[in-house]
Participant: 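Sharing a structure, written as C-alpha cells. Questions coming.
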Protein chains: 2
Amino acid sequence: MSIELGIFDPLIRKLSSGNVLSTRAIEAIRQLPVKIKTVTSRTKVVDEGQNITDCYLLVDGYACRYKFTATGGRQIVSFHMAGDILDIQHVLFDRADHSVKTISEAALAVFPMAALRNLIADHPDVGRALWRDCLVEASIFREWVLNVGRRNAKVRIAHMLCEFAARMEAAGLGSPADFTLPMTQEDIGDATGLTPVHVNRMLRELTEEGSITRDARRIRIADWPRMKRTADFSPAYLHLFDRPPAEDGRSRESDYAENVSALAR
Amino acid sequence: MSIELGIFDPLIRKLSSGNVLSTRAIEAIRQLPVKIKTVTSRTKVVDEGQNITDCYLLVDGYACRYKFTATGGRQIVSFHMAGDILDIQHVLFDRADHSVKTISEAALAVFPMAALRNLIADHPDVGRALWRDCLVEASIFREWVLNVGRRNAKVRIAHMLCEFAARMEAAGLGSPADFTLPMTQEDIGDATGLTPVHVNRMLRELTEEGSITRDARRIRIADWPRMKRTADFSPAYLHLFDRPPAEDGRSRESDYAENVSALAR
DNA sequence: CGTCAAATTGACAAGGCTCAAGTGCCGTGG
DNA sequence: CCACGGCACTTGAGCCTTGTCAATTTGACG
C-alpha cells in the first residue's frame, strides 16, 4: 500500500459508515496538513497528564490506550488499528487522562489539533461522524466493563479476541478466517485484567479445543463459530451495520449496505 | 424544588462547564417540548435492542445503565443523577446496545429525539457540549475498566463510592461531607464485578476503619481524605475543572472558574 | 552463537465466590 | 395497633478460580 496516497482512506471509510459525509468534507479531510511518522513497537504516543496540541491518526500498525493504578497495575482500555484517531478526545479536552502507545511498528499521520477543530467548524457532518465514532468507542468501553467485570478468564480472553477480529474485518484488514493478532500475552492480560501466566493457560485451552491456533507468537482464530460461542460474542455493540438515524422527522431511505458479514450472524 | 421551573438547569449547568453555550442555545434547550414522567424505583427506561425515538433527561432521582452476559450476570456500567441524559447516544444510534433503569424514585423529562437533533443542527455549540459530555462519559468508562480489571475488592468499591460522591458535588447535589448514596449493596456489586456477599464484607471493613458510616441502608462518606486514599481516587478523569480548549490557533482567555473544590485536591 | 523478550510449566497461596442460614427494617393488611 | 411478608443486609464455612513465585524453554535477531 502506498502510504502517500491513501493515508485518510481507512478513516474516511469508518466515518462514512453509519453517516453520510459530503464530498466537500471528504476533500477537506484529505487536505489536512499531515506529517507521516513511522515508529517502532512500544513507542509512547500520548502521555497521561500531558497537554495536547497534535492529533495522531494511526495509518498502519497497532496501538493501545492504557492507565495505571497507584500500585502500578496496568490496564489496557482499548486497542487501535489503521483508521483510528488515537487522541480524538483532545478535540474538546486539553489534557490527556490516559496514555497511548504502539504495540507494533506503526505509521502515524500527525497534524495540529487546531486544524481538525477548524475542519469541524466548517463541516458539521465531520463533527457528527467523529462524535458517532466516539459513541461507538464508548459502547465498546461498556462491553469491556461487562467483559472484565462478569466473565471468567477463558470467555473474557475469547471475547477480546473476537472483538478485535470483528473490528479488523470491519476496517478491511482481513477476514476472521485468517487473522493474526498483534498483541503479546502480557498485552492480552493487561486488557482482560488477568496475569500473563493465566492468559497462557487459557490460550492453551482454547488451542486444545481447536478454537485458535498459534505459531510464531501470533494467534489465529481457527474456528470462528465455535470461538464466537465460547466468547459470548455478539457484535451489535460495535454498531457496524446500524443505519444512520433520520435527521429529523423524515425517515431517510438510502441504499444503505445490507452487507452483513459472517461476523454479524 | 419546583419541577416546572428548573427542569433543564442541571443539564445546562453541566453543559456549560468546559464549554461556552450561547444564551440563544440555552433558550432553545429550555424550549424543548418535554413531558414530565415520575416513576418508581427499578423502572426500566430503555431496553437493550429497542429502537429509540424519545430522549430521557433525568430531572430528579438516580438511574443506572447495565448489560448482561449470556449466563445472566448483570454488569452496571454507569450511574446517573439529575442533569444526565440517559440515552444521548441515540442521537446518532438507532438501536440501544444496553438497558437503563432507575434505582430510586425519579422524575424524567421526555422529549422526541428528533427535537434534539433539530436543536443540535441549529446550535452547533449544543452539539459540541453534548459531544464533550459523551467524551467525559467515555473517560469514566475507561476508569471503570481499570477499576474492575486491576483493583482489589475494597479499593474498587471505595473508588466507585468516591466517584459517585465527586460527581454529586459537581452536579450541585451535596458535599462529600454529607452524602447518602442511593444504591443497594447488590447494585454496588453489579457495578464493581463482585458478589453482594463480598461487597457486604468490604463495606464492613470500610466502616470499621472509619472511612464510611452506614445507617438505614444508606452509605455516607465519613472521612473523605482517608477514603480518597484507600480508593486510589484522583478525579482528573472526570474533567470537572478543565478549561475549554482554544477554538483555533488563538488561545482564549476567559474568566473560567478557578473554583476547585476539596474533591480536586 | 549469544542475548533478550516472550512464552511455558509447576507448585502453592489467596482473594473472592457459593451455599446456607439467619437478622433487621419497613410497608401492608387485618 | 400488631402480625406478616418481603427485601436488603449479615455472617460463617468451605471451595475454586486466579494470582504468585520460580524455573525453564522457545524464538527472533544481531
Side-chain angles (χ1 to χ4, degrees), chain A residues 40-43 62 64 69 71-76 101-105 147-158 160-161 180-208 212-220 230, chain B residues 40-42 62 64 69 71-76 101 103-105 147-158 160-161 180-208 212-220 230:
Chain A
T40 61
S41 186
R42 311 286 153 186
T43 301
Y62 300 92
C64 70
T69 63
T71 52
R74 183 174 84 137
Q75 177 71 43
I76 292 178
K101 66 164 59 167
T102 58
I103 57 171
S104 72
E105 288 191 354
N147 200 39
V148 174
R150 285 288 181 225
R151 296 197 177 105
N152 67 32
K154 185 151 95 173
V155 181
R156 210 185 288 184
I157 291 169
M160 195 228 82
L161 298 178
T180 57
L181 303 155
M183 63 285 282
T184 66
Q185 292 183 11
E186 187 171 3
D187 292 333
I188 296 174
D190 285 347
T192 51
L194 299 165
T195 56
V197 173
H198 203 61
V199 169
N200 185 279
R201 291 193 271 250
M202 295 300 107
L203 286 178
R204 182 169 46 152
E205 285 189 21
L206 288 170
T207 308
E208 283 164 359
I212 61 175
T213 60
R214 290 180 294 156
D215 45 72
R217 293 181 189 169
R218 296 265 157 157
I219 296 164
R220 188 181 299 245
T230 54
Chain B
T40 61
S41 186
R42 311 285 151 185
Y62 300 92
C64 70
T69 64
T71 52
R74 183 174 81 136
Q75 177 70 45
I76 292 178
K101 66 164 59 168
I103 57 170
S104 73
E105 289 190 353
N147 200 40
V148 174
R150 285 290 183 224
R151 296 196 178 105
N152 68 32
K154 186 151 92 172
V155 181
R156 209 186 288 185
I157 292 169
M160 194 229 82
L161 298 178
T180 57
L181 303 155
M183 63 283 285
T184 66
Q185 293 184 9
E186 188 171 3
D187 292 333
I188 296 174
D190 285 346
T192 52
L194 299 165
T195 56
V197 173
H198 203 61
V199 169
N200 184 278
R201 291 194 264 253
M202 295 299 106
L203 287 178
R204 183 170 46 152
E205 284 190 22
L206 288 170
T207 308
E208 283 165 0
I212 61 175
T213 60
R214 290 178 294 156
D215 46 71
R217 292 180 192 172
R218 295 265 157 157
I219 297 165
R220 190 181 299 242
T230 54

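Side-chain atoms are counted along with the backbone in the values below, which use heavy atoms only and exclude waters and symmetry mates. Numbers restart at 1 for each chain; the letters A, B, ... are given by sequence-line order, proteins then strands. A quick note: this is a predicted structure, and the numbers were derived from the prediction, not measured.
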Participant: Specify the separation, in whole Å, of atom NE2 of B/His198 and atom P of D/dG14.
Facilitator: 18 Å
Participant: Measure CZ/B/Arg151 against C1'/D/dG19 and give the value in whole Å, please.
Facilitator: 19 Å
Participant: Do side-chain atoms of A/Thr102 reach the backbone of A/Glu105 as a donor and acceptor pair under 3.5 angstrom?
Facilitator: no
Participant: Angle between the end axes of the helix from C/dC1-D/dG30 to C/dG30-D/dC1, five pairs per end, to the nearest 10 degrees?
Facilitator: 40°
Participant: Whole-Å distance between D/dT10 P and B/Ile188 CD1?
Facilitator: 10 Å
Participant: Rounding to a whole Å, what distance do you find between A/Arg201:CZ and D/dT20:C1'?
Facilitator: 9 Å
Participant: So which heavy atom on A/Ala153 is nearest to which on A/Met202, and how close?
Facilitator: CB-CG, 3.9 Å
Participant: Do any side-chain nitrogens or oxygens of B/Asn152 fall under 4.0 Å of OP1 or OP2 in C/dG15?
Facilitator: no
Participant: Report the residue (A/Thr195 or A/Arg217) whose heavy-atom-nearest nucleotide on DNA chain D is the more 5′ of the two.
Facilitator: A/Thr195
Participant: Rounded to whole Å, how long is the line connecting atom CG of B/Leu203 with atom C1' of D/dA8?
Facilitator: 13 Å
Participant: Can you work out whether A/Arg150 or A/Thr184 has the more 5'-proximal nearest nucleotide on DNA chain C?
Facilitator: A/Thr184
Participant: Measure the distance from CE on B/Met183 to C1' on D/dA8 and round it to the nearest whole Å.
Facilitator: 15 Å
Participant: Ignoring backbone atoms, test whether B/Gln185 places a side-chain nitrogen or oxygen under 4.0 Å from the OP1 or OP2 oxygen of D/dC7.
Facilitator: no
Participant: Identify the two heavy atoms, one from A/Arg74 and one from A/Arg42, that lie closest to each other, and give their separation to 0.1 Å.
Facilitator: NH2-NH1, 4.4 Å
Participant: Is A/Arg214 close enough to C/dT8 that one of its side-chain N or O atoms is under 4.0 Å from OP1 or OP2 there?
Facilitator: yes
Participant: Which nucleotide in the list D/dC21, D/dG19, C/dA20 gets nearest to the side chain of B/Val197?
Facilitator: C/dA20
Participant: If you compare all heavy atoms of B/Asn147 against all heavy atoms of B/Val155, which two are closest, and at what distance to 0.1 Å?
Facilitator: OD1-O, 4.4 Å
Participant: Quick one: is A/Asn200 getting a side-chain N or O under 4.0 Å of the C/dT8 phosphate, OP1 or OP2?
Facilitator: yes
Participant: A/Asp215 CG to D/dT26 P: how many Å, rounded?
Facilitator: 16 Å
Participant: Which part of the nucleic acid does A/Gly193 contact within heavy-atom distance under 4.0 Å: base, sugar-phosphate only, or nothing?
Facilitator: sugar-phosphate
Participant: What verdict does the side-chain contact (heavy atoms from CB on, under 4.5 Å) test give for B/Lys154 and B/Leu206, after you've listed the backbone C-alpha separation in whole Å, the side-chain angles of each residue and the deciding distance to 0.1 Å?
Facilitator: CA-CA 8 Å; B/Lys154 186 151 92 172; B/Leu206 288 170; 4.0 Å; yes
Participant: Round to the nearest Å and state the distance from A/Asp190 atom CG to C/dA7 atom C1'.
Facilitator: 15 Å
Participant: Any idea which heavy atoms bring B/Gly189 and B/Val199 closest together, and the distance?
Facilitator: CA-CG2, 3.5 Å
Participant: What's the shortest heavy-atom distance between A/Met183 and A/Ile103, and which atoms?
Facilitator: CB-CD1, 4.1 Å
